[in-house]
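See structure below.
Only a predicted model underlies this, so the values are computations on that prediction, with no experimental measurement involved.
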Amino acid sequence: MGKFFWGFFFIYLNFNLSVNAHTLNVLPEFVGYFLLLQGLRELEEESGVFSDTRPFVVGMTVYTAILWVGALLGVTGTGSLLSILLSLVSTAVSLYISWSIIQGVREMEERHQADLNSAGMSLAWKVLLVADIVSYVLTLVLPVVVAVALVAVLVGILLLVGSLMLLVAFWRGKKCWEAVQVGTIHVKDE
């Protein structure tokens with residue numbers, strides 16, 4: 001579960017370095033997807049959902065690595081319709097991956113009769129889902145309505161809050177899983 005936390009850390013937190021109009025994410029997403037892939041492999045016997053999710057994680061690892069290298073070389077652009085569509089698809093796949101991992105954690109909870117904080121993970125995922133939907137709607141509407149800028153800032157804050165909520169939820173889940181592994185199981189309240 002620790003690999004899930006660190007994977008999402010790299011995926012959802014961006015620290016950018018800007019040099020001469022080039023921006024590079026210091027915490028590359030492909031590293032996060034690679035860590036998720038390792039976590040899925042470690043826990044694949046705990047839930048079939050983990051092995052079913054792996055091809056999507058491999059695809060996102062490759063896709064985000066290409067984007068990162070493109071940004072490093074200054075050859076990728078943003079703002080075109082194609083980049084918006086690719087961003088939309090990658091966001092949808094990323095949301096699917098995180099939802100699947102949460103479902104796998106939920107199966108682990110049932111299997112071990114332990115609370116691994118899947119409820120907190122699900123809540124954070126729903127916040128991110130709403131923020132992403134509103135963000136893409138604003139991307140399409142933004143050129144038409146100038147007053148949307150304030151809403152865009154609020155959505156940015158909502159995305160940050162959702163990302164932090166997800167990280168905290170996975171950190172708590174990681175700690176619960178460590179307790180299950182050493183035998184100090186936190187039995188779920190029924």
Side-chain angles (χ1 to χ4, degrees), residues 1-15 25 27 29 32-33 35-37 39-40 43-44 46-57 59-61 63-64 84-142 148-178 180 186-190:
M1 290 270 292
K3 299 251 172 65
F4 291 157
F5 169 78
W6 287 109
F8 286 125
F9 182 86
F10 275 84
I11 292 167
Y12 285 111
L13 292 184
N14 294 316
F15 294 101
N25 187 357
L27 299 175
E29 288 182 52
Y33 285 109
L35 289 169
L36 288 183
L37 188 59
L40 292 170
L43 295 173
E44 69 185 348
E46 294 290 334
S47 171
V49 173
F50 294 141
S51 59
D52 294 342
T53 306
R54 273 200 323 220
F56 295 95
V57 176
M60 287 300 289
T61 303
Y63 174 72
T64 55
I84 292 171
L85 289 174
L86 288 174
S87 177
L88 179 63
V89 169
S90 72
T91 299
V93 172
S94 182
L95 285 167
Y96 170 76
I97 289 168
S98 55
W99 180 254
S100 295
I101 290 173
I102 292 166
Q103 296 313 304
V105 171
R106 183 169 286 140
E107 286 182 16
M108 290 171 60
E109 284 181 331
E110 292 170 8
R111 181 176 182 189
H112 295 280
Q113 291 298 304
D115 181 9
L116 300 177
N117 200 32
S118 70
M121 294 172 192
S122 293
L123 176 63
W125 184 87
K126 290 172 186 171
V127 170
L128 283 173
L129 176 66
V130 168
D132 280 330
I133 290 170
V134 172
S135 174
Y136 280 104
V137 167
L138 289 178
T139 300
L140 298 174
V141 175
L142 192 60
V148 177
L150 177 61
V151 177
V153 170
L154 295 175
V155 169
I157 292 170
L158 187 61
L159 282 168
L160 177 63
V161 167
S163 298
L164 293 175
M165 285 175 64
L166 189 72
L167 288 173
V168 168
F170 268 94
W171 181 261
R172 288 181 179 156
K174 170 187 160 324
K175 291 299 184 186
C176 293
W177 178 242
E178 290 169 355
V180 166
H186 296 98
V187 178
K188 288 177 74 168
D189 297 329
E190 305 268 346

Heavy-atom closest pair (Leu128 atom, Leu159 atom, distance to 0.1 Å) is CD2-O, 3.7 Å
Taking atom CD1 of Ile102 and atom CD of Glu109, what is their separation to the nearest 0.5 Å? 11.0 Å
Under the side-chain contact (heavy atoms from CB on, under 4.5 Å) rule, what do Lys175 and Arg172 come out as? Steps first, then yes or no, please. CA-CA 5 Å; Lys175 291 299 184 186; Arg172 288 181 179 156; 5.7 Å; no
Atom pair CG/OG of Leu40 and Ser100 - distance to nearest 0.5 Å: 9.0 Å
Please round to the nearest 0.5 Å and tell me the distance separating atom SG of Cys176 and atom CE of Met1. 7.5 Å
Between Arg106 and Glu110, does at least one N-O distance fall below 4.0 Å, as a salt bridge requires? no
Is any side-chain heavy atom of Leu35 closer than 4.5 Å to a side-chain heavy atom of Phe8? no
Check the pair Thr61, Val57 against side-chain contact (heavy atoms from CB on, under 4.5 Å), reporting the backbone distance first and the verdict last. CA-CA 6 Å; Thr61 303; Val57 176; 4.1 Å; yes
How many angstroms lie between atom CG of Leu88 and atom CD1 of Ile133, to the nearest 0.5 angstrom? 10.0 Å
Is the distance between the ring centroids of Tyr96 and Trp99 less than 6.0 Å? no
What orientation do Trp177 and His112 show, parallel under 30°, tilted 30 to 60°, or perpendicular over 60°? perpendicular
Nearest 0.5 Å, please: how far is OG in Ser122 from CG in Leu166? 10.0 Å
List the residues meeting side chain to side chain donor-acceptor pair (under 3.5 Å) with Thr91, not counting sequence neighbours, and say none if there are none. Tyr136
So, the side chain of Trp125 versus the backbone of Leu95: is there a donor-acceptor pair under 3.5 Å, distance only? yes
Taking the side chain as every heavy atom from C-beta outward, state whether Lys174 and Phe4 have any pair of such atoms under 4.5 Å apart. no
Exactly one of Val168, Leu116, Val105 should register a side chain to side chain contact (heavy atoms under 4.5 Å, CB included) with Met121. Which one does? Val105
Holding to side chain to side chain donor-acceptor pair (under 3.5 Å), I want the full list of residues that pass it with Ser47, two or more places apart in sequence or in another chain. Glu107
Side chain proximity check, Leu158 to Val134, heavy atoms < 4.5 angstrom: no
Do Ile97 and Val93 have side chains that get closer than 4.5 Å, going by heavy atoms? yes
Side chain of Ser94, backbone of Ser90: donor and acceptor closer than 3.5 Å? no
If you look at every heavy atom in Val127 and Gly162, which pair is closest and at what distance? CG1-CA, 3.6 Å
How are the rings of Trp6 and Phe9 set relative to one another: parallel (under 30°), tilted (30 to 60°) or perpendicular (over 60°)? perpendicular
Review item, side-chain donor-acceptor pairs of residues 48-56, under 3.5 Å, at least two apart:
residue	atom	partner	partner atom	Å
Ser51	OG	Gly48	O	3.0
Thr53	OG1	Val49	O	2.7
Arg54	NH1	Glu44	OE1	2.7

Side-chain contact, heavy-atom cut-off 4.5 Å: Asn14 with Leu27? no
